[in-house]
Participant: 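Before anything else, here's the structure in question.
We name chains A, B, ... by the order of the sequence lines, and we start the count at 1 in each one. These figures come from a predicted structure and were not determined experimentally. Any value given below was found using the heavy atoms of this structure, including those in side chains, with hydrogens, waters and symmetry copies removed.
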Amino acid sequence: MTELQVDLALGLLDHQLVDCNGRRCGNVDDLELDLGRDQPRVEAILVGPPVWRNRGLLGRLLASLSSARTVRVPWTEVEKVDSAVHLRKPASEYRLGRGDDRARRWVEWIPGS
Amino acid sequence: VSKVLQLALGILAAIGGFVDIGDLVFNIEAGATFGYQLLWVVVVGVVGIIVYSEMCGRVATVAKRPVFDAVRERMGFGVGLGVLVASQVVNLMTLAAEVGGAALVLQLLAGISYRALIVVAVVGLGVAIWVLPFEWIERLFGYMGLCLLVFAVGAIKLHPDWGAVGHGFVPHADTGNFMLYAYFAVGLLGAAMTPYEVYFYSSGAVEEGWTQKDLGLNRTNSMVGYVLGGTLSFALMITAGALYLPRGIDPQFIGTVALGADVPLGTIGLILAMVGILFAVGGAAIDTCLSGAYNVSQYFGWEWGKHRRPSEAPRFALSWMALLVLGLLIIVTGVDPVMLTEYSVIVSVVALPLTYLPILLVANDKAYMGRYANGRLANAFGLFYLAIIMVVALTAIPLMILTNGGKG
């Protein structure tokens with residue numbers, strides 16, 4: 001997605017990320033901005049516990065408990081923004097949704113999973 | 001014809017799913033203490049839950065935002081996380097109380113040890129959540145919960161003083177113990193407007209894949225269901241007012257509640273009442289359990305929902321399992337389910353404004369909601385109830401302390 005004007009705080013931050021298969025794969029936890037022009041531009045979406053550090057006391061606490069890494073999704077990978085932020089490729093290509101991938105083995109042994 | 005049938009079936013499930021252990025405990029205790037005087041509070045509570053359920057269902061359908069998406073987006077990560085923690089604590093307390101209620105009823109039916117039956121109840125609920133599709137869970141527990149209608153028949157057969165019942169719908173306080181009256185009023189409001197109901201309703205709209213076309217049908221469905229479900233609350237309070245108040249019985253046991261149908265209707269009444277209570281609290285246990293998993297998954301952006309296979313949404317599945325196990329651990333300590341119910345309702349009242357405010361904000365955002373944004377009427381009701389909830393939230397815990405948890 002190239003040109004789109006959004007209210008960053010209300011229209012983008014904390015929105016659901018959805019991959020090209022309709023899989024929910026994280027939230028927009030933070031944004032990387034290019035402030036060098038007349039209007040700030042979003043360069044990338046940042047996802048993962050380390051960026052919660054900047055987001056309040058409880059966020060800092062949770063971030064320090066998690067060993068997961070930050071995932072950076074370049075803005076060019078965004079297909080469209082509506083109630084969710086839709087990405088062009090499957091979550092695994094961005095290393096998103098890895099928490100669910102890891103947790104899968106805990107449930108897949110149960111019949112009917 | 002199939003549309004009419006679908007509507008009727010949906011309404012029946014909503015009626016049967018309306019009552020949970022909070023409603024049972026507070027309506028019976030309020031009736032046993034103040035007769036029919038507090039019936040008007042139930043009306044206020046039922047209208048309140050209709051106003052916010054409708055708003056949540058609309059926001060989930062049009063803006064595609066279930067409650068905790070909206071909470072995080074509007075209140076920010078930090079405050080949102082606080083709301084998440086608070087609502088998970090409340091959910092867990094409610095879940096434990098519902099499981100305890102189910103085990104108590106099983107004990108009355110089966111006569112074996114309460115603790116063993118807690119485990120039976122939890123395993124049964126876990127299997128039901130794992131095996132049954134979302135719609136079936138709602139229907140099965142909703143229809144079986146309809147057995148509670150036996151209390152409506154019972155209330156009529158007890159020949160209450162209908163003049164006094166009618167007077168109960170007019171706000172008045174005919175008592176020297178105003179604190180206790182206010183405590184029960186707060187509890188009845190909290191029981192009718194428990195937060196998990198809106199979490200579940202809003203995520204349910206996504207689970208069932210509502211579109212803007214379904215909005216009208218589902219709205220009618222839930223409103224009629226809640227209004228008729230509210231009559232079950234009236235029936236419970238009237239039964240207690242006609243039966244326990246004159247005899248000075250303090251209904252501290254779930255068994256006493258079931259007796260409310262035994263006296264006017266005999267053994268059949270008693271059995272229907274127990275089956276109704278079992279499925280009502282069992283269904284509510286599932287609702288609270290899934291609500292907890294919905295909330296945490298939505299907050300962190302995980303894949304969620306019963307419309308996904310557990311292997312597709314593993315953290316969601318593990319969340320509801322973990323909550324069920326935690327609920328088991330709380331109730332198996334031997335804590336009294338009735339007491340736990342009172343605490344959970346009062347604490348949930350404190351969490352209510354934090355749940356309802358973000359919904360009201362998103363429902364007003366024309367950018368998301370377009371022509372489905374709140375109109376004047378929805379906003380007038382929304383703000384009115386937000387104000388009530390704030391007052392109730394501020395007074396709930398002081399009232400609980402001052403009245404010694406309703407013991408006077």
Participant: For B:Tyr368, which atoms come within 4.5 Å of any heavy atom of chain A: side chain, backbone, both, or neither?
Facilitator: side chain
Participant: Measuring heavy-atom distances to chain B, does A:Leu57 have an atom under 4.5 Å in its side chain, in its backbone, in both, or in neither?
Facilitator: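 Answer is neither: A:Leu57 stays 4.5 Å or more from chain B.
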Participant: Does a sphere of radius 6.0 Å around CZ in B:Arg139 hold more than 12 heavy atoms from other residues, nucleotides or ligands, not counting ones at 6.0 Å or beyond?
Facilitator: yes
Participant: Side chain, backbone, both or neither: which part of B:Arg309 has an atom under 4.5 Å from a heavy atom of chain A?
Facilitator: both
Participant: Look at A:Gly59, A:Gly99, A:Gly97 and state which one has the largest set of heavy-atom pairs under 4.5 Å with chain B.
Facilitator: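 Sorted descending by pairs with chain B, the first entry is A:Gly99.
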Participant: I'd like to know if the side chain of B:Ser203 pairs up with that of B:Gln298 as donor and acceptor (distance under 3.5 Å, no hydrogens or angles considered).
Facilitator: yes
Participant: Could you tell me the separation between the CG atom of A:Asn21 and the OG atom of A:Ser92, rounded to the nearest 0.5 Å?
Facilitator: 8.5 Å
Participant: Measure distances from A:Leu17 to the heavy atoms of chain B and classify the residue's part below 4.5 Å as side chain, backbone, both or neither.
Facilitator: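 A:Leu17 has no heavy atom closer than 4.5 Å to chain B.
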Participant: Hey, does the Lys NZ or Arg CZ of B:Arg72 hover above the aromatic six-ring of B:Tyr299, less than 6.0 Å from the centre and inside 45° of the axis?
Facilitator: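 Geometry flag: set, cation within 6.0 Å and 45°.
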Participant: For the residue pair A:Val107 and B:Pro314, what are the closest heavy atoms and their distance?
Facilitator: CG2-CB, 3.8 Å
Participant: Relative to chain B, which of A:Asp100, A:Leu62, A:Asn27 shows the most heavy atom pairs under 4.5 Å?
Facilitator: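 Between A:Asp100, A:Leu62, A:Asn27, the count favours A:Asp100.
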Participant: In a check of ring pair (Phe, Tyr, Trp, His ring centres under 6.0 Å) between B:Tyr294 and each of B:Phe316, B:Tyr201, B:Phe300, B:Trp302, which one passes?
Facilitator: B:Phe316
Participant: Hey, would you say the B:Phe200 and B:Phe134 ring centroids sit under 6.0 Å apart?
Facilitator: yes
Participant: Which answer fits B:Trp304, side chain, backbone, both or neither, if we ask what part of it has an atom under 4.5 Å from a heavy atom of chain A?
Facilitator: both
Participant: To the closest 0.5 Å, what do you measure between CZ (A:Arg41) and CG (A:Leu33)?
Facilitator: 11.5 Å
Participant: Could you have a look at B:Lys64, B:Arg315, B:Glu312 and say which one has the most heavy-atom pairs with chain A under 4.5 angstrom?
Facilitator: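 Winner by heavy-atom pair count: B:Arg315.
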Participant: May I ask you to name which of B:Pro310, B:Gly76, B:Ala313, B:Ser297 has the most heavy-atom pairs under 4.5 Å with chain A?
Facilitator: B:Pro310
Participant: If you count heavy-atom pairs under 4.5 Å between each of A:Gly26, A:Ser113, A:Ala103, A:Pro111 and chain B, which one has the most?
Facilitator: A:Ser113
Participant: A:Val18 versus chain B, heavy atoms under 4.5 Å apart: side chain, backbone, both or neither?
Facilitator: neither
